[in-house]
Amino acid sequence: MSKSGIQDRAWAHEAIRKIEAENNRSADTHLYAVPLPEHWGVDLYLKDESTHRSGSLKHRLARSLFLYGLVNGWITEGTTIVEASSGSTAVSEAYFARLIGLPFIAVMTKTTSPEKIALIEDFGGACLLVDHASEVYAVAEDTARTSGGYYMDQFTFAERATDWRGNNNIAESIFQQLALERHPVPEWIVVGAGTGGTSATIGRYLRYNRHSTRLAVVDPENSAFYPAWLDGDCGSASGLPSRIEGIGRPRAEPSFVPAVIDHMIQVPDAASIAAMRHLAKLAGLHAGPSTGTYLWGVWQLIAGMVAEGRRGSIVSLMCDSGERYAGSYYDAGWLARQGLEPAGYEQMLDNFLDTGTWNG
Ligand SMILES: *Cc1c(COP(=O)(O)O)cnc(C)c1O
């Protein structure tokens with residue numbers, strides 16, 4: 001090994017130690033039980049991913065992507081880290097970049113919430129804002145090339161940077177936390193897809209462990225993931241930029257793995273907002289809009305279980321906290337300007353909780 005090679009390895013060892021030590025100091029995220037009418041016989045659990053230090057489930061992804069880049073020798077001392085993001089990943093990567101002393105640049109659309117931009121800057125990152133969601137990939141690649149940096153590319157690497165067998169991934173954590181419940185193997189796990197990484201990890205884990213649990217993936221209106229899953233073809237599917245931050249994409253990303261998904265549900269954007277607000281009323285939990293999308297799917301699946309008299313449990317995630325969206329999805333004026341009208345959908349949810357019948 002050359003002298004510089006030895007120095008590179010020493011730096012990488014130290015960077016990996018810092019990331020592993022951060023993990024070692026951190027607690028697992030809670031799996032909340034959300035109370036439902038007793039006679040339904042259905043138990044709902046939400047895993048609160050907002051409590052990670054960088055505020056969302058992207059804390060797990062960022063940790064995995066940094067470790068993957070380090071063990072591959074792609075990230076070395078002084079490497080500028082560049083990422084294309086709708087915001088949450090950039091917040092988490094800015095956190096880890098600072099932890100190991102690297103500069104970080106996030107490429108995002110101008111519509112990214114100001115709260116997320118502030119968080120990235122608080123963690124020492126820089127933001128490059130573009131007009132259209134479709135531009136982020138090329139601009140990130142370009143920025144990495146011209147700065148001699150490294151394009152993290154979450155939309156390609158999310159599905160392979162996380163170990164699907166276990167190693168404390170989100171799926172293993174869910175099953176461990178359910179161990180003492182009356183239905184420890186859930187009927188359904190419900191998630192969305194931004195990179196598709198979480199659904200790929202959970203779907204592979206379920207198959208590897210030969211669980212009967214089915215994986216349902218929710219997708220915002222106009223996203224490319226749903227048509228890609230229907231056709232089993234990610235190459236040709238296209239959609240529009242998502243109005244639900246964190247999930248739904250104009251193209252079916254390479255890290256989206258349709259074959260491990262048992263069921264998909266398309267969710268109107270206003271229904272996502274309604275379910276987000278409904279959760280606050282029902283359980284006092286203030287989550288972001290993607291959690292609303294997840295719950296719109298969850299309530300439909302629970303309605304199916306109640307209609308069939310099938311008992312069991314169902315698990316979903318709280319992806320991030322509502323604090324990041326005080327000036328947007330939680331603001332009535334902002335919603336009106338976006339043409340989003342959740343009231344009718346909220347009425348549907350109230351009716352469902354009262355009667356156990358879904359009038360969709
Ligand atoms: C990324 C993200 C998701 C989806 O997770 P993936 O593993 O990328 O599919 C959901 N909600 C929020 C807020 C996100 O940032």
Side-chain angles (χ1 to χ4, degrees), residues 29 46-52 54-65 83-95 106 108-109 112-113 115-116 119-120 133 136 152-162 164 169-171 174 189-205 215-220 223-226 228-229 234 242-249 251-258 260-261 264 267 269 272-273 275-276 286-298 316-325 328-329:
T29 58
L46 286 182
K47 190 159 174 62
D48 184 4
E49 293 291 295
S50 74
T51 61
H52 290 290
S54 63
S56 79
L57 78 175
K58 291 303 185 334
H59 200 79
R60 296 177 190 273
L61 174 63
R63 180 190 288 136
S64 296
L65 288 170
E83 183 66 294
S85 175
S86 73
S88 311
T89 303
V91 174
S92 298
E93 288 178 353
Y95 169 83
M108 306 183 293
T109 61
T112 308
S113 66
E115 288 89 343
K116 283 188 192 167
L119 285 167
I120 293 162
V136 292
M152 202 70 124
D153 196 359
Q154 58 167 332
F155 295 109
T156 299
F157 293 108
E159 60 87 5
R160 70 193 78 162
T162 299
W164 43 268
N169 70 29
I170 191 166
I174 288 169
I189 295 180
V190 183
V191 298
T195 63
T198 305
S199 56
T201 301
I202 293 173
R204 289 164 173 164
Y205 181 91
L215 172 63
V217 170
V218 292
D219 204 31
S223 166
F225 290 128
Y226 181 72
W229 177 77
C234 287
S242 174
R243 293 199 293 177
I244 304 297
E245 271 186 47
I247 55 170
R249 301 292 305 168
R251 67 173 206 195
E253 302 294 349
S255 70
F256 177 67
V257 182
V260 302
I261 298 168
M264 277 194 80
V267 180
D269 292 342
S272 297
I273 311 303
M276 173 191 88
H286 293 263
S290 69
T291 304
T293 315
Y294 292 22
L295 283 165
W296 189 260
V298 162
S316 193
L317 311 178
M318 229 175 99
C319 306
D320 62 1
S321 147
E323 276 172 36
R324 291 185 167 185
Y325 310 99
S328 53
Y329 301 90

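Atoms within a ligand are numbered from 1 in the order they appear, just like the ligands themselves. We're numbering straight along the sequence, starting at 1.
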Give me the nearest non-hydrogen protein atom to atom 6 (P) of ligand 1 as residue plus atom name, then the distance to 0.1 Å.
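Answer, as residue, atom name and distance: Thr195 OG1, 3.4 Å.
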So which heavy atom in the protein is nearest atom 3 (C) of ligand 1, and how far is it from that ligand atom?
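Looking only at protein heavy atoms, the one closest to atom 3 (C) of ligand 1 is Gly246 O, 3.4 Å.
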Per-atom contacts of ligand 1 with [X], taking only distances under 4.0 Å to non-hydrogen atoms:
X      : answer
Asp320 : 13 (C)
Tyr294 : 3 (C), 4 (C), 10 (C)
Gly194 : 4 (C), 6 (P), 8 (O), 9 (O)
Ala193 : 9 (O)
Ile247 : 3 (C), 4 (C), 10 (C)

Is there a donor-acceptor pair under 3.5 Å between the side chain of [X] and the backbone N or O of [Y]?
X      : Y      : value
Glu159 : Phe256 : no
Glu83  : Gln154 : yes
Lys47  : Thr29  : yes
Ser223 : Arg249 : yes
Trp229 : Met264 : no

Under the rule for side chain to side chain contact (heavy atoms under 4.5 Å, CB included), what residues qualify as partners of Ala216, not counting sequence neighbours?
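Applying side chain to side chain contact (heavy atoms under 4.5 Å, CB included) to Ala216 gives Trp188, Val190, His263, Leu301.
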Examine ligand 1 and decide if any of its atoms is less than 4.0 Å from a heavy atom belonging to [X].
X      : value
Gly196 : yes
Gly192 : yes
Gly288 : no

Out of Glu159, Lys116, Arg324, Lys58, who is nearest to atom 15 (O) of ligand 1 when you count heavy atoms only?
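Minimum heavy-atom distance to atom 15 (O) of ligand 1 goes to Lys58.
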Return a table of donor-acceptor pairs under 3.5 angstrom between the side chains of residues 288-295 and protein atoms on other chains or two or more places apart.
{"from": "Thr291", "atom 1": "OG1", "to": "Cys319", "atom 2": "N", "distance (Å)": "3.0"}
{"from": "Thr293", "atom 1": "OG1", "to": "Ser272", "atom 2": "OG", "distance (Å)": "2.8"}
{"from": "Thr293", "atom 1": "OG1", "to": "Pro289", "atom 2": "O", "distance (Å)": "3.3"}
{"from": "Tyr294", "atom 1": "OH", "to": "Gly192", "atom 2": "N", "distance (Å)": "3.1"}

What about [X]: any of its N or O atoms under 3.5 Å from an N or O on ligand 1?
X      : answer
Thr198 : yes
Ser88  : yes
Ser290 : yes
Ser199 : no

Would you kindly specify which portion of Leu57 sits under 4.0 Å from ligand 1, judged on non-hydrogen atoms: side chain, backbone, both or neither?
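Answer for Leu57: side chain.
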A side-chain contact here means heavy atoms from C-beta on lying under 4.5 Å apart; do Glu115 and Glu323 qualify?
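Side-chain contact under 4.5 Å: no.
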Pairing of Glu245 and Arg324 as salt bridge, 4.0 angstrom limit:
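No, no charged N to carboxylate O under 4.0 Å.
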Can you tell me how far apart OG1 (Thr201) and CH2 (Trp164) are? Round to the nearest 0.5 Å.
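Between atom OG1 of Thr201 and atom CH2 of Trp164 there are 10.5 Å.
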